[in-house]
2 protein chains.
Amino acid sequence: MLLTIDPTADSPLFEQVATGIRAAVVAGDLRPGERLPAARDLAAALEVNMHTVLHAYRTLREEGLIQVRRGRGTVVSTRSSADYRGLRRALADLVREGDRLGLSRTGLADLIRHAPGTAP
Amino acid sequence: MLLTIDPTADSPLFEQVATGIRAAVVAGDLRPGERLPAARDLAAALEVNMHTVLHAYRTLREEGLIQVRRGRGTVVSTRSSADYRGLRRALADLVREGDRLGLSRTGLADLIRHAPGTAP
DNA sequence: CGTAATGTTCTAGTGCATATAGAACAAGAC
DNA sequence: GTCTTGTTCTATATGCACTAGAACATTACG
């Protein structure tokens with residue numbers, strides 16, 4: 001199974017779905033152009049409401065990670081480079097630095113979320 | 001003013017406070033050992049409830065970034081190295097990679113929050 | 001000892017995010 | 001035309017985040 005959902009976890013279900021797919025794309029387990037299961041099917045497989053899966057899909061679409069088109073399904077976006085190696089390395093570096101300083105994942109995430117730059 | 005709060009922003013007030021202080025520490029504007037204003041005072045200055053500031057302080061304490069002791073006030077933690085240069089560089093690298101791929105800050109933050117590693 | 005400063009705890013109200021559900025609809029594929 | 005798939009609309013219920021006021025505990029200091 002590509003995704004596993006924990007209904008008892010503290011993070012919301014739709015976020016768990018989005019996180020799982022996002023991680024799979026960045027890790028290369030899901031390749032650009034590859035198609036994701038239909039929302040209804042994934043919802044049934046995860047024993048979750050269809051709207052929950054669609055919420056996750058919507059989130060990932062707003063991040064530009066996937067493309068959803070009605071009637072045709074949902075596919076992983078084909079980016080210009082589609083090379084996530086640099087991102088993976090940057091992620092690992094940041095986590096290592098954060099661990100070295102004893103910062104929590106949440107704190108690191110917050111630093112990123114409110115970091116200055118081009119995109120909001 | 002060290003901090004600015006926007007009551008109309010989408011992010012909660014306590015997170016804005018925590019984020020501002022965290023960013024100041026990482027940027028070096030607040031040095032280890034330096035004392036933060038009393039919760040009541042900062043709350044009055046920001047026109048926010050004291051609990052909001054204390055919530056932010058508690059969050060930062062759980063991250064290990066500050067030390068709060070009743071009666072004595074709140075100070076920035078003195079870390080072994082207290083060197084945030086590597087962290088700043090790693091943050092900048094990740095943001096750059098994220099922007100290159102068109103990923104949103106929220107997506108990047110989520111990748112960090114659920115990244116594997118030693119600490120949760 | 002007394003007083004001031006400071007964080008902690010208790011209690012509580014309000015609103016919003018989350019999740020689920022059903023149904024009708026729109027775009028595309030075949 | 002029919003099936004698939006995502007979109008939109010309405011509705012409901014639940015829980016927690018957020019904010020807030022007041023009393024309390026600990027520390028510092030004269």
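We name chains A, B, ... by the order of the sequence lines, and we start the count at 1 in each one.
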Length of the [atom1]-[atom2] vector between [X] and [N], whole Å:
X: B:Asp41; N: C:dA5; atom1: CG; atom2: P; result: 9 Å
X: B:Leu42; N: C:dG7; atom1: CG; atom2: C1'; result: 14 Å
X: B:Arg72; N: C:dT8; atom1: CZ; atom2: P; result: 11 Å
X: A:Leu54; N: C:dT20; atom1: CG; atom2: P; result: 12 Å

Inset, instruction - Can you tell me which residue pairs pass the side chain to side chain donor-acceptor pair (under 3.5 Å) test with a partner in residues 88-97 of chain A, sequence neighbours excluded? - result: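 Of all non-adjacent pairs touching residues 88-97 of chain A, those that pass side chain to side chain donor-acceptor pair (under 3.5 Å) are A:Asp93-A:Arg96, A:Glu97-A:Arg100.
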Name every donor-acceptor pair, under 3.5 Å, that has one atom in a side chain of residues 15-29 of chain A and the other anywhere in the protein, sequence neighbours excluded.
{"from": "A:Gln16", "atom 1": "OE1", "to": "A:Asp6", "atom 2": "N", "distance (Å)": "2.9"}
{"from": "A:Gln16", "atom 1": "NE2", "to": "A:Asp6", "atom 2": "O", "distance (Å)": "3.0"}
{"from": "A:Gln16", "atom 1": "NE2", "to": "A:Ser11", "atom 2": "O", "distance (Å)": "3.0"}
{"from": "A:Thr19", "atom 1": "OG1", "to": "A:Glu15", "atom 2": "O", "distance (Å)": "2.7"}
{"from": "A:Thr19", "atom 1": "OG1", "to": "B:Asp110", "atom 2": "OD2", "distance (Å)": "2.6"}
{"from": "A:Arg22", "atom 1": "NE", "to": "A:Glu63", "atom 2": "OE1", "distance (Å)": "2.9"}
{"from": "A:Arg22", "atom 1": "NH1", "to": "B:Asp110", "atom 2": "OD2", "distance (Å)": "2.9"}
{"from": "A:Arg22", "atom 1": "NH2", "to": "A:Glu63", "atom 2": "OE2", "distance (Å)": "2.9"}

Inset, instruction - Mark yes or no for whether B:Thr74, through its side chain, and B:Leu36, through its backbone, hold a donor-acceptor pair below 3.5 Å. - result: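 Checking the backbone N and O of B:Leu36 against the side chain of B:Thr74, no donor-acceptor pair under 3.5 Å is found.
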Inset, instruction - Check side chain to side chain contact (heavy atoms under 4.5 Å, CB included) between B:Arg31 and all other residues, then give those that pass, not counting sequence neighbours. - result: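 Partners of B:Arg31 under the side chain to side chain contact (heavy atoms under 4.5 Å, CB included) test: B:Glu34.
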Inset, instruction - Output all residues satisfying side chain to side chain contact (heavy atoms under 4.5 Å, CB included) with A:Arg40, sequence neighbours left out; order by chain, then residue number. - result: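 Side chain to side chain contact (heavy atoms under 4.5 Å, CB included) check on A:Arg40 returns A:Met50.
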Legend entry - Closest-nucleotide 5' rank along DNA chain D - winner of A:Thr74 and B:Met50: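 Its nearest nucleotide lies further toward 5', so the answer is A:Thr74.
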Inset, instruction - Please work out if A:Arg58 contacts a base, only the sugar-phosphate, or nothing of the nucleic acid, heavy-atom cut-off 4.0 Å. - result: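 Since no nucleic acid heavy atom lies under 4.0 Å of A:Arg58, the category is nothing.
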Inset, instruction - Using the test salt bridge (Lys or Arg N to Asp or Glu O under 4.0 Å), find all partners of B:Arg85 that sit at least two apart in sequence or belong to another chain. - result: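 Listed in chain order: B:Asp83.
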Inset, instruction - Mind checking salt bridge (Lys or Arg N to Asp or Glu O under 4.0 Å) for A:Arg72 and listing every partner two or more places apart, or none if nothing turns up? - result: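 Per chain and number, A:Arg72 pairs via salt bridge (Lys or Arg N to Asp or Glu O under 4.0 Å) with no residue.
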Legend entry - Qualifying residues under side-chain hydrogen bond (donor to acceptor under 3.5 Å, both in side chains), relative to A:Arg35, sequence neighbours excluded: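 Scan of A:Arg35 (side-chain hydrogen bond (donor to acceptor under 3.5 Å, both in side chains), adjacent residues dropped) gives none.
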Inset, instruction - For residues A:Asp99 and A:Val95, determine if any side-chain heavy atom of one lies less than 4.5 Å from a side-chain heavy atom of the other. - result: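 Answer yes - side chains close enough.
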Inset, instruction - Give, for atom OG1 of A:Thr106 and atom CZ of A:Arg113, the distance between the pair rounded to the nearest 0.5 Å. - result: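 The CZ atom of A:Arg113 is 8.5 Å from OG1 of A:Thr106, to the nearest 0.5 Å.
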Legend entry - Pairwise distance CG(A:Asn49) to OG1(A:Thr52) - rounded to 0.5 angstrom: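 Result: 5.0 Å between the selected atoms.
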Legend entry - Listed once per pair and sorted, the ring-ring contact (aromatic ring centres under 6.0 Å, His included) pairs that draw on residues 14-66 of chain A, sequence neighbours left out: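 Checked against ring-ring contact (aromatic ring centres under 6.0 Å, His included) - neighbours excluded - the pairs reaching residues 14-66 of chain A are A:Phe14-A:His55.
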Inset, instruction - Can you sort out which residues in residues 59-71 of chain B have a heavy atom within less than 4.0 Å of DNA chain D? Ascending by number, please. - result: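 B:Arg70, B:Gly71, in order of number.
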Inset, instruction - Residues of residues 9-25 of chain B with any non-hydrogen atom less than 4.0 angstrom from an atom of DNA chain D: list those, numerically ordered, please. - result: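 The stretch gives B:Pro12, B:Leu13, B:Phe14 as the residues lying under 4.0 Å from the strand, ordered by number.
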Legend entry - Terminal contacting nucleotides, 5' and 3', DNA chain D versus chain B (heavy atom, 4.0 Å):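 Reading along DNA chain D, I get D:dC18 to D:dA28.
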Legend entry - Polar pair under 3.5 Å, donor/acceptor by atom type, side chain B:Arg40, base C:dG7: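 Answer yes: a donor N or O sits under 3.5 Å from an acceptor.
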Inset, instruction - Would you please test B:Leu101 and A:Leu87 for side chain to side chain contact (heavy atoms under 4.5 Å, CB included) and show each step? - result: CA-CA 9 Å; B:Leu101 291 165; A:Leu87 181 65; 3.9 Å; yes
Inset, instruction - Kindly calculate the angle separating the two end axes of the helix from C:dC1-D:dG30 to C:dC30-D:dG1, each obtained from five base pairs, and round it to 10 degrees. - result: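 It comes to 40° between the two terminal axes.
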